[in-house]
Amino acid sequence: MTAVVTRFAPSPTGYLHIGGARTALFNWLYARGRGGKFLLRIEDTDRARSTPEATDAILKGMEWLGLDFDGEVISQFDRADRHAEVANELLAKGAAYKCFATQEEIEAFREEARAAGKSTHFQSPWRDADAATHPDAPYVVRLKSAQDGETVINDEVQGTVRIKNENLDDMVLLRSDGTPVYMLAVVVDDYDMGVTHVIRGDDHLNNAARQMGIYTAMGWDLPTYAHIPLIHGPDGKKLSKRHGALGVEEYQAMGYPSAGMRNYLARLGWSHGDDEFFTDDQAKEWFGTDGIGKSPARFDFKKLENICGQHIAITDDAALLHEIVMYREAANLPALTDVQSQRLNAALYCLKDRAKTFPELLEKAHFALIEGEIEVEPKAAKNLDTVSRGILGALTPQLQNVSWTRDELEAVLNRFAEDNGMKFGKLAGPLRAALAGRAATPSVFDMMLVLGQEISLERLTQAANGGDS
RNA sequence: GCUCCGUUCGUCUAUCGGUUAGGACGCCAGGUUUUCAACCUGGAAAGACGAGUUCGAUUCUCGUACGGAGUACCA
């Protein structure tokens with residue numbers, strides 16, 4: 001059995017959108033789970049629409065998603081000579097022909113066909129023309145595709161799909177300027193790159209039948225096809241910019257961890273029994289085309305968040321800190337100072353299972369990130385009224401000479417609450433406001449432990465004095 | 001127009017002819033709780049529609065409806 005080779009072949013005409021990212025992920029999982037190779041090819045034969053910025057965005061997106069590929073990035077445009085070579089070989093074999101029809105002639109043909117309710121596929125009069133009759137004019141090279149019988153696609157996802165050959169047109173292989181067209185380029189590239197499994201969007205299912213004509217004419221073995229359904233927006237319509245069709249870098253900027261993104265995307269349109277939450281290793285082991293569904297899936301941010309929250313919770317602190325740093329960069333937030341990252345690192349243990357995204361985690365880490373003056377948000381301000389400040393003023397001295405451990409702090413605070421005839425909850429609000437300036441924070445004990453005695457007492461004192469001392 | 005593909009709770013999905021149609025997210029109720037989150041318990045919630053095959057269809061076949069894709073000298 002030959003080794004598996006998959007590829008991701010985006011065209012660089014925009015950012016790497018979520019559907020493309022999932023296609024890349026599927027190919028990556030398939031290859032990586034089988035000890036195979038995963039290649040990247042940029043389909044840049046459309047010079048007018050391809051941009052280096054887009055290629056860059058694709059590369060960045062894949063890097064963020066952790067989808068590493070083997071070998072160099074392959075530019076399809078760079079291989080134009082090879083594509084032309086194959087076209088000429090097809091010509092020599094009589095499997096392709098030169099077509100001198102003008103755009104006007106083709107247009108006229110289509111209009112007539114449409115009016116007659118027939119297939120609009122252009123039927124070139126040059127298909128069987130004698131070379132002696134060829135004019136000295138520009139021409140395109142078209143594939144002489146079969147006209148009878150049917151083409152059968154054995155697709156791993158779609159099953160057996162039969163298309164009558166009469167519905168296949170003689171597609172253009174080489175433009176009149178001699179440059180190759182995508183349909184030719186994919187086939188030649190996939191063949192030359194040794195691609196064994198073509199996993200791509202099902203918008204290419206029809207194309208597969210047409211491309212198979214080239215394989216047959218060249219006598220090449222077909223790859224295994226798996227045409228996966230596209231992702232739709234929340235309204236079930238085609239994904240548009242308004243809902244979810246954002247570039248993957250925007251998901252990074254929104255603060256989703258990439259492991260969660262991979263998990264969610266893998267689960268979108270693919271399943272392995274009831275497993276919802278899994279690691280990369282599990283996904284690689286489990287992934288196969290048999291688990292891919294046939295119907296389009298919709299993107300759901302709620303579920304993404306849930307999965308991401310679970311991944312944040314199991315990520316080790318060092319990796320998490322690193323990813324948060326990268327997130328801040330992607331979101332154009334100021335870099336963390338040394339003190340901030342030290343404190344954040346120390347606080348991660350009590351933060352990571354309370355947040356679904358990095359912004360949420362950072363929001364809860366607010367107490368650890370403040371340096372200097374604390375601004376009290378309105379919701380917390382009511383916990384710092386005169387009465388509360390009095391309580392804090394009475395409490396603070398009692399924390400002067402205790403050993404700064406969780407047990408000790410719990411003991412002191414509980415005793416204080418009891419002595420003053422109040423429930424601990426009554427005490428927690430003011431403490432939270434004093435330590436973080438917020439109403440929603442991690443446990444007050446965790447905050448005091450992370451901040452340390454000196455800073456904790458400083459903040460308590462400041463709050464007790466009304467914040468104006 | 002023509003060709004191809006799809007359709008199970010709101011969403012992602014399981015089911016490979018016989019199930020009280022399962023799980024997850026979300027939602028609702030209750031519990032726990034120093035806030036948030038988490039957690040625990042319970043609940044509502046689905047086979048597009050119509051025929052056919054079969055002892056028996058969510059599952060197989062056909063049709064209809066609705067979505068999607070392709071039909072380029074775009075990819």
Side-chain angles (χ1 to χ4, degrees), chain A residues 9-13 43-46 48-50 76 99 103 106 110 113-122 138-142 153 155 157-159 161-164 166-169 171-177 179-183 185-186 201-210 227 229-230 232 234 236-238 264 267-277 291 293-307 309 313 351 353-356 360-361 363-364 379-380 383 413 417 423-429 431-433 436 438-445:
Chain A
S11 55
T13 53
E43 312 225 306
D44 50 359
T45 53
D46 183 350
R49 295 198 303 151
S50 299
Q76 188 159 65
C99 172
Q103 293 291 354
I106 296 172
R110 291 212 175 103
R114 187 177 294 269
K118 290 191 297 197
S119 163
T120 55
H121 285 135
F122 181 59
Y139 60 86
V140 296
V141 175
R142 310 187 93 107
I153 307 171
D155 194 277
V157 174
Q158 307 291 338
V161 179
R162 298 167 182 281
I163 294 175
K164 290 194 179 62
E166 62 189 44
N167 294 318
L168 266 26
D169 66 340
M171 62 182 174
V172 171
L173 265 18
L174 248 36
R175 301 185 180 98
S176 52
D177 63 359
T179 59
V181 133
Y182 161 80
M183 287 289 182
V186 233
D202 70 4
D203 48 336
H204 285 292
L205 183 59
N206 287 279
N207 289 338
R210 311 207 295 154
H227 287 94
L230 271 17
H232 285 185
K237 301 277 185 177
K238 194 182 170 186
Y264 176 72
R267 192 62 190 65
L268 198 59
W270 170 78
S271 62
H272 182 264
D274 283 337
D275 295 305
E276 300 283 348
F277 172 67
K294 286 188 177 188
S295 53
R298 304 181 193 200
F299 198 90
D300 180 10
F301 279 95
K302 289 286 194 201
K303 186 133 184 180
L304 204 216
E305 283 181 12
N306 178 277
I307 294 286
L351 255 22
D353 45 31
R354 333 168 79 91
K356 299 186 175 86
E360 193 184 347
L361 186 148
E363 167 62 27
K364 291 187 167 148
K379 260 187 278 181
N383 286 324
L413 291 189
K423 294 189 76 172
F424 181 71
K426 185 89 175 146
L427 193 53
L431 279 170
R432 221 169 257 120
R438 299 280 164 102
T441 72
S443 138
V444 293
F445 299 110

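Just so we're on the same page: letters track the sequence lines, and every chain starts at 1. No hydrogens, no waters, no symmetry mates; every other heavy atom, side chains included, goes into these values. Keep in mind the model is a prediction, meaning the values are calculated, not measured.
- The ring of A/Phe299 has its center closer than 6.0 angstrom to the ring center of A/Tyr264.
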Q. Reading nucleotides 23-38 of chain B 5' to 3', which nucleotides get B (base under 4.0 Å from a protein heavy atom), which S (sugar-phosphate only), which -?
A. BBSS-------BBBSS
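- Counting non-hydrogen atoms under 4.0 angstrom, A/Asp44 reaches nothing in the nucleic acid.
- Across all strands shown, B/C49 pairs with B/G63; the Watson-Crick or G-U wobble distances both stay below 3.5 Å.
- Here the nucleotide nearest the side chain of A/His121, chosen from B/U71, B/C73, B/U3, is B/U71.
- Pairing for B/A69 is with B/U3, a Watson-Crick or G-U wobble pair whose two hydrogen-bonding atom distances lie under 3.5 Å.
- At a cut-off of 3.5 angstrom, counting only N and O atoms as typed in the model, there is a donor on one side and an acceptor on the other between the side-chain of A/Ser176 and the base of B/C73.
- You'll find that the side chain of A/Asp169 is closest to B/A72, out of B/A69, B/A72, B/A75.
- The nucleotide whose nearest atom lies closest to any side-chain atom of A/Arg298 is, among B/A75, B/G68, B/C12, B/C12.
- The backbone N or O of A/Val140 lies less than 3.5 Å from no partner atom in the side chain of A/Arg175, so there is not a single donor-acceptor pair.
- The aromatic rings of A/Phe445 and A/Phe424 lie parallel to each other, their planes meeting at an angle below 30°, with 60° marking the opposite boundary.
- Residue contacts for A/Met183: at a heavy-atom cut-off of 4.0 Å it reaches a base atom on one of the strands shown.
- Using a 4.0 Å heavy-atom cutoff across all strands shown, A/Val140 reaches at least one base atom of the nucleic acid.
- Proximity of a side-chain donor or acceptor of A/Lys364 to a complementary backbone N or O of A/Ala355 within less than 3.5 Å is not detected.
- Using a 4.0 Å cut-off, no side-chain N or O of A/Arg210 falls inside it from OP1 or OP2 of B/U3.
- Across the protein-nucleic acid pair, A/His204 atom NE2 and B/C4 atom P stand 20 Å apart, rounded to whole Å.
- A/His204 places no side-chain N or O within 3.5 Å of a backbone atom of A/His227 that could act as its donor or acceptor partner.
- Using the Watson-Crick or G-U wobble rule with both distances under 3.5 Å, B/U11 pairs with B/A24.
- Partner assigned to B/U41 is B/A29, using Watson-Crick or G-U wobble distances below 3.5 angstrom.
- Residues satisfying the side-chain contact (heavy atoms from CB on, under 4.5 Å) test with A/Ala9, not counting sequence neighbours, are A/Arg7, A/Arg41, A/Glu43.
- Checking B/A69, B/G67, B/G6 against every side-chain atom of A/Lys294, the shortest atom distance belongs to B/G6.
- Note that CD1 of A/Ile163 is 6.5 Å distant from CG of A/Leu168, once rounded to the nearest 0.5 Å.
- A/Tyr264 has its OH atom 7 Å from the C1' atom of B/C12, to the nearest Å.
- No contact: A/Arg438 has no heavy atom under 4.0 Å from any strand.
- Across all strands, A/Gln103 comes closer than 4.0 Å to base atoms (heavy-atom distances).
- In this structure, A/Gly309 reaches neither bases nor backbone, as no heavy-atom distance under 4.0 Å exists between it and the strands shown.
- Distance from the side chain of A/Ser295 is smallest for B/U8 among the nucleotides B/U71, B/A69, B/U8.
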